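What follows is a short report on a single structure.
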Amino acid sequence: MDEVIKIVNDIKSGNIKPIYFLMGEEPYYIDKLSYYIEKNVLSDEEKGFNQTVLYGRDVSIEDVISTSKRYPMMADRQVVIVKEAQDLIKTIDKLESYAENPMLSTVLVMCYKYKTLDKRKKVTKYLAKSGVVYESKKLYENQVGDWIKRVLSGRNYAIEPKASAMLVEFLGTDLSKINNELEKLQIILPKGTIISANHIEENIGFSKDFNVFELRKAIGERNILKAYQIAQYFSDNPKDNPMVVTTTLVFGFFIQLLKYHGLKDRNPKNVATVLGVNPFFLKDYDLALKNYPMKKVSAIIASLRIIDVKSKGVGAHGISQHDLLKEMLVSIFN
């Protein structure tokens with residue numbers, strides 16, 4: 001995020017490079033940067049003749065180079081944006097000659113999503129020498145919560161840890177999806193609001209009480225009644241709570257516990273880093289650690305592997321989600 005801010009600030013100050021090669025597994029910042037350049041480098045009057053948007057599936061790398069070599073009309077520069085540039089992967093090395101000697105009056109933006117260039121290649125080195133090569137890396141799950149806090153803080157909002165965890169639990173690490181939901185909340189809630197689990201439930205549709213996050217918490221506490229209530233809710237709403245997803249997340253919880261049991265350094269900061277969790281939730285893991293000795297955790301993991309296979313229809317034809325959930329909880333609590 002800091003690198004993105006620097007790129008934007010450089011553009012604002014007039015330090016505009018002839019090439020921006022935006023690549024990586026996380027498309028969110030690639031989209032944000034290309035959108036910023038598209039909206040801000042040229043004035044509205046200049047865009048008509050001097051701003052071109054191409055799509056990798058529709059053009060060749062020769063088309064991109066030819067367009068980039070044109071001179072601007074009645075403006076100091078032109079902007080050429082190539083979206084879905086990863087579709088040019090087979091011929092991307094041909095960009096080397098242009099990157100070695102780019103048109104200084106052109107701002108070429110390559111949006112190379114979900115892939116990266118080999119940094120050892122000449123084309124990558126020339127691109128970095130002449131312009132900016134930015135790699136947008138996928139965030140780990142334990143980093144997304146901090147990202148949410150930073151984004152909301154910049155917009156004059158805050159968020160409770162549980163609400164943040166719910167977003168990550170249900171939307172994963174897809175920053176674009178998370179941002180879309182945050183923008184919906186900002187339309188509804190006034191600036192200065194601390195977004196709570198209730199806000200998430202009421203406005204996005206994730207139940208704050210009946211979700212995998214709460215199921216794992218109930219299991220960790222050995223709150224058998226609560227766990228079975230959540231399982232029943234999942235059985236009644238199978239489309240919103242697929243068994244495969246439930247099994248995977250519960251399995252992940254016990255893998256984390258197994259790692260915790262094996263840790264020698266149990267400093268909270270180290271534990272949070274190793275387990276990949278928000279330090280706020282460590283108390284839940286501490287309780288689960290006491291409730292489930294290492295030998296029991298290993299046995300549960302073995303049982304969950306079997307249930308996971310059954311949830312995918314292998315050797316379990318006709319078994320309902322209700323029965324699979326019950327089998328899972330029995331194997332955990334017995």
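Quick caveat, the model's predicted, so the values are computed rather than measured.
Here Y233 pairs with F210 under the ring-ring contact (aromatic ring centres under 6.0 Å, His included) rule; sequence neighbours left out. K296 pairs by the side chain to side chain contact (heavy atoms under 4.5 Å, CB included) definition with Y292, P293, I300, not counting sequence neighbours. Listed by chain and residue number, E141, V144, I148 satisfy the side chain to side chain contact (heavy atoms under 4.5 Å, CB included) test with V168 (two or more places apart in sequence, or in another chain). For Q232, the side chain to side chain contact (heavy atoms under 4.5 Å, CB included) test picks out S235, D236, H322, with sequence neighbours left out. Listed by chain and number, the residues in a side chain to side chain contact (heavy atoms under 4.5 Å, CB included) with F280 are P161, N278, K283 (sequence neighbours excluded). Applying the salt bridge (charged side-chain N to carboxylate O under 4.0 Å, His left out) rule to K138 yields the partners E26; only residues at least two apart in sequence or on another chain are considered.
To the nearest 0.5 Å, atoms CD (Q143) and CG (L175) are separated by 10.0 Å.
Residue Y20 forms a side chain to side chain contact (heavy atoms under 4.5 Å, CB included) with just one option from I30, V132, V133, and that option is V132. Residue R70 is tested with T52, T106, N50 for a side chain to side chain donor-acceptor pair (under 3.5 Å); the sole match is T52.
Closest approach of P279 to A272, counting heavy atoms only: CG-CB, 3.9 Å. Heavy atoms only, all atoms of each residue included: E38 and V53 are closest at OE2-CG2, 4.2 Å. Annotation for L329 and A227: closest pair CD1-O, 3.7 Å, computed over non-hydrogen atoms. The two residues Y157 and P190 come nearest to each other via the heavy atoms CE2-O, 3.2 Å.
Relative ring orientation between F253 and Y285 is described as tilted, the plane-to-plane angle lying within the 30° to 60° band. Between Y29 and Y134, the angle of the ring planes goes over 60°, which puts this pair in the perpendicular group of the 30/60° scheme.
Under 4.0 Å is where a charged nitrogen must lie from a carboxylate oxygen, and between K94 and E62 at least one such pair does. Salt bridge annotation for K208-E202: absent, with no cationic side-chain nitrogen under 4.0 angstrom from a carboxylate oxygen. A salt bridge links K310 with E327: the distance from a Lys NZ or Arg NE/NH1/NH2 to an Asp or Glu carboxylate oxygen falls below 4.0 Å. Salt bridge K326/D323: absent, no basic N to carboxylate O contact under 4.0 Å. Using a 4.0 Å cut-off between charged side-chain N and carboxylate O, K290 and D286 make no salt bridge. A salt bridge is absent between K6 and D2; no separation between the charged side-chain nitrogens and carboxylate oxygens falls under 4.0 Å. Ion pairing between a basic and an acidic side chain is recognised when a charged N comes within 4.0 Å of a carboxylate O; D284 and R216 show no such pairing.
Taking the side chain as every heavy atom from C-beta outward, I37 and S34 never approach each other to under 4.5 Å. The closest side-chain heavy-atom distance from N179 to K32 is below 4.5 Å. I65 has its side chain within reach of L95: a pair of non-hydrogen atoms, C-beta onward, lies under 4.5 Å apart. S105 is listed as a side-chain neighbour of P72, based on a closest heavy-atom distance under 4.5 Å. Side-chain contact between M243 and I319: absent, with no pair of heavy atoms (C-beta onward) separated by less than 4.5 Å.
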| message | Under the criterion side-chain hydrogen bond (donor to acceptor under 3.5 Å, both in side chains), I'd like the reasoning laid out for D63 against S66: C-alpha separation, chi angles, the key distance, then a yes or no. | response | CA-CA 5 Å; D63 294 329; S66 175; over 6 Å; no
| task | Give the intermediate values and the outcome of side-chain hydrogen bond (donor to acceptor under 3.5 Å, both in side chains) for residues Q86 and Y114. | result | CA-CA 8 Å; Q86 68 274 10; Y114 313 113; over 6 Å; no
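By the rule that hydrophobic residues join a cluster once side-chain heavy atoms approach within less than 4.5 Å of another member, L258 and L263 end up as members of one cluster. When hydrophobic clusters are built by joining Ile, Leu, Val, Met, Phe, Trp and Tyr residues whose side-chain heavy atoms come closer than 4.5 Å, directly or via intermediates, V4 is grouped together with V41.
Judged purely by atom type and a 3.5 angstrom limit, N237 has no side-chain atom pairing as donor or acceptor with the backbone of D240.
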